[in-house]
2 protein chains.
Amino acid sequence: MKMSDRKKKILQIVVDEYINSAVPVSSKSIAEKHLTDVSSATVRNELASLEELGYLTQFHTSGGRVPSPQAYRFYIEELMEKGGLSERDLDYIHEAFSHKSNDVEHLIKDVAKVISDLTDYTSVAIGPRAEEEKIRNLALLACGDGRALLVIVTGERILRDSFIEIPENMTEEDLENASHVIAKLFEGKSLSEAKDVEDEVLAEFGQYRQVMREVIDALKMYTRPRDEDVVLSGAEKIFKHPEYEDIGNVKNFLSVISSKDKIAELIGDEDDEIQINVKIGSCDDADVPEDCSLVTATYSAGGKNLGTYGVIGPIRMDYTKVITVLENVGKALEGLISNKNKEKDDKDEKK
Amino acid sequence: MKMSDRKKKILQIVVDEYINSAVPVSSKSIAEKHLTDVSSATVRNELASLEELGYLTQFHTSGGRVPSPQAYRFYIEELMEKGGLSERDLDYIHEAFSHKSNDVEHLIKDVAKVISDLTDYTSVAIGPRAEEEKIRNLALLACGDGRALLVIVTGERILRDSFIEIPENMTEEDLENASHVIAKLFEGKSLSEAKDVEDEVLAEFGQYRQVMREVIDALKMYTRPRDEDVVLSGAEKIFKHPEYEDIGNVKNFLSVISSKDKIAELIGDEDDEIQINVKIGSCDDADVPEDCSLVTATYSAGGKNLGTYGVIGPIRMDYTKVITVLENVGKALEGLISNKNKEKDDKDEKK
DNA sequence: CGTTAGCACTTAAAGATTGAGAGTGCTAAC
DNA sequence: GTTAGCACTCTCAATCTTTAAGTGCTAACG
């Protein structure tokens, strides 16, 4: 059976209505409010046909219809009418991003909060992979008991959570020298380049060779997302949506978002090419819990990945609003970053 | 009216029973199971009297009695019979703490997880105040755009970092020198001592004076706990307790624990002298939500504060178990730290 | 005077019944 | 293809009933 234009129109109405009201929609309400030129009986026939096609379901015979996961997918791909954001929302975004700090860790948190506030859903975010960031500076700080802290400053952030063992006979001065030598070698390299330093290069380091090896081992840690890079914001917002009047759904939801590992798993495997990605539980991805939907966007600016951001909520989600917010936040973020880069270039030129 | 021994006994029975069953306890069940020498009518008289004293309440005339917050407080202070932990639980604690990393940030997380796992409540923890930590090492790392990263390593490897502005005309070498000088000055001092450096001392720093001032400003920021120092574990555990079948309670609970600021506020103002602290909502502390109870312990070893740990859950909490777990975790932690210190001393001696 | 048995009273929780309302499916006619 | 009409189904809310639990009170007992 083919999808006639009227069927599409009706499906769109059903999804729109249901997203707004959370109440199953009836043939009568459609005929009265939206399709005044046909009767409810006609709509009823179309609805029955849409149900057969798998786009609609009903809980019981007299309960109106509800979109199936498949219907949401179709809605997002073909039916949804994108709108803009209100002036107020746009202002909010720009104000939120006007701060000066250029530390990515804070930025991720801010972005997550903005997304959650504007959409009224719980937002999740995962920061950019550190791997491709260029090392700006690096230091080894003695901690006093055979260990040293490795601090790496990249263009975007500070990595400071790995300790390395240092040889017994190494003095603080030695460590400092080693630190300098290594910093010089790695400066301007990305983390992933740095960790692939050849053995021959290593050989030149003489006495510092062992420290060097430890540093490289530590670098390998940064290839996987760390807990700190996974951010959650507005968990309490789920209560704004009626599906979470049901304790079972809340449990389900909470069990997912209370583990950063699980969140990372959900949003971590994005294909960087796709800008906006929608995963609907029990339809697209086995990891997304049933009755849940995950909409994410992977941002990048100047060829640099800026992380993946999104919201998680009930399948009956306001996709239009969510996607619009994600797009606008993306633009704002891109603007922010490229501005910063320009400032930097200007400064560099002055030099 | 005085509390006779029998009244105390009965109150104890009521609290014990209610904690175990979550069901209002009746005069009959008390007489049958625990006070076989008197009749239920007698118990009834005593219950009525305890109710008058404010220790018991009933939801409706025929619904058995439930302890009031005041009763829980009395129970904790006088009636509770402390027991030990099972062999299994003790093993679990020791195994969990046998790892080698002595980075406090990870330790806090582990401790929180252990507490939550053993008690089946949501645990909260706040790391040691940075203020009193002794500075071991300190470095300023150039970041390339008029800023430098200040990294501080303290005794327990608690790291603090923040950006400071550096004067335009300062070269990397200058920065490094400044870093050395400042590090030497502050080594062995606590953060709170360091931030109170006198103006006269500052004057001696000549060209580095401005940087020094920036560093001191940054130090002042560390007096408040950071978000990263507040840890939550086992949020999903609340569903193990019947009071959280009710969506209203879940909302209430989630709104508290979804903000690290609020959590910090709750557990941050502990008096270090008190080892175990119980706050019962609508009885002890206005910040603790009604129907909630917060049991915390502030640990220290070798005179050093190790942070505050605890659980948050319904008023009807298994205080005996919770307090026992907190005590045992405290002992294990103390053992761990003092062992580490001994190792360190041994090493120092060898030198 | 504390303790007890007995009994009337209260209340919640669970089940059954009912009626109203909403919505559909189907059929026959347009 | 569209529509009106009607029977059918199902939920939801209200009402009532029953049951079981537990108390409060009183009068009697040792």
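Proteins come first, then strands; the chains are lettered A, B, ... in the order of their sequence lines, and each starts at number 1. Side-chain atoms are counted along with the backbone in the values below, which use heavy atoms only and exclude waters and symmetry mates. Not measured: the values here are computed from a predicted model.
- Of all the residues in residues 54-64 of chain A, A:Q58, A:T61, A:S62, A:G64 reach under 4.0 Å from DNA chain C with at least one non-hydrogen atom.
- Closest of all the heavy-atom pairs between B:T119 and B:V311 is OG1-CG1, 3.8 Å.
- Shown here is B:E51, whose CD atom has more than 12 heavy atoms of other residues, nucleotides or ligands within 6.0 Å.
- Less than 4.0 Å separates DNA chain D from at least one heavy atom of each of the following residues of residues 33-46 of chain A: A:D37, A:V38, A:S39, A:A41, A:T42, A:R44, A:N45.
- Nucleotide D:dT23 holds its P atom 13 Å from the CG atom of B:L50, rounded to whole Å.
- Using modelled atom types, no side-chain atom of B:H34 and backbone atom of B:I10 make a donor-acceptor pair closer than 3.5 Å.
- Across all their heavy atoms, A:S116 and A:T122 have their closest contact at OG-CA, 4.5 Å.
- Heavy atoms only, all atoms of each residue included: A:E81 and A:T320 are closest at O-CG2, 3.3 Å.
- The salt bridge (charged side-chain N to carboxylate O under 4.0 Å, His left out) contacts involving residues 314-325 of chain A comprise A:D89-A:K321, A:E243-A:R316, where partners must be two or more places apart or lie in separate chains.
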Query raised in the report: Stepwise, does the side chain to side chain contact (heavy atoms under 4.5 Å, CB included) test hold for B:L35 with B:V43?
Result: CA-CA 8 Å; B:L35 286 181; B:V43 176; 4.3 Å; yes

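- Remark: A:Y18 engages no residue in a ring-ring contact (aromatic ring centres under 6.0 Å, His included) (not counting sequence neighbours).
- Sorted by first and then second residue, the pairs that involve residues 244-263 of chain A and meet side-chain hydrogen bond (donor to acceptor under 3.5 Å, both in side chains), not counting sequence neighbours, are A:S258-B:E236.
- Closest non-hydrogen pair, A:S123 versus A:A112, comes out as OG-O, 2.7 Å.
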Query - Intermediate values then yes/no, side chain to side chain contact (heavy atoms under 4.5 Å, CB included), A:Q70 and A:I280 - result: CA-CA 9 Å; A:Q70 188 191 336; A:I280 296 170; over 6 Å; no

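- For the helix from C:dC1-D:dG30 to C:dC30-D:dG1, the axis fitted to the five pairs at one end and the axis fitted to the five pairs at the other end meet at an angle of 20° (nearest 10 degrees).
- Of the residues in residues 9-18 of chain A, not one places a heavy atom less than 4.0 Å from an atom of DNA chain D.
- When the salt bridge (Lys or Arg N to Asp or Glu O under 4.0 Å) test is applied to A:E327, the partners found at least two apart in sequence or on another chain are A:K82.
- With a heavy-atom cut-off of 4.0 Å to chain A, the contacted part of DNA chain C has its first and last nucleotide at C:dA22 to C:dG25.
- Shown here are the salt bridge (Lys or Arg N to Asp or Glu O under 4.0 Å) partners of A:K8, two or more places apart in sequence or in another chain: A:E78.
- Partners of A:E46 according to the salt bridge (Lys or Arg N to Asp or Glu O under 4.0 Å) rule, which considers only residues two or more places apart in sequence or in another chain, are A:R6, A:K7.
- Remark: A:E87 engages no residue in a salt bridge (Lys or Arg N to Asp or Glu O under 4.0 Å) (not counting sequence neighbours).
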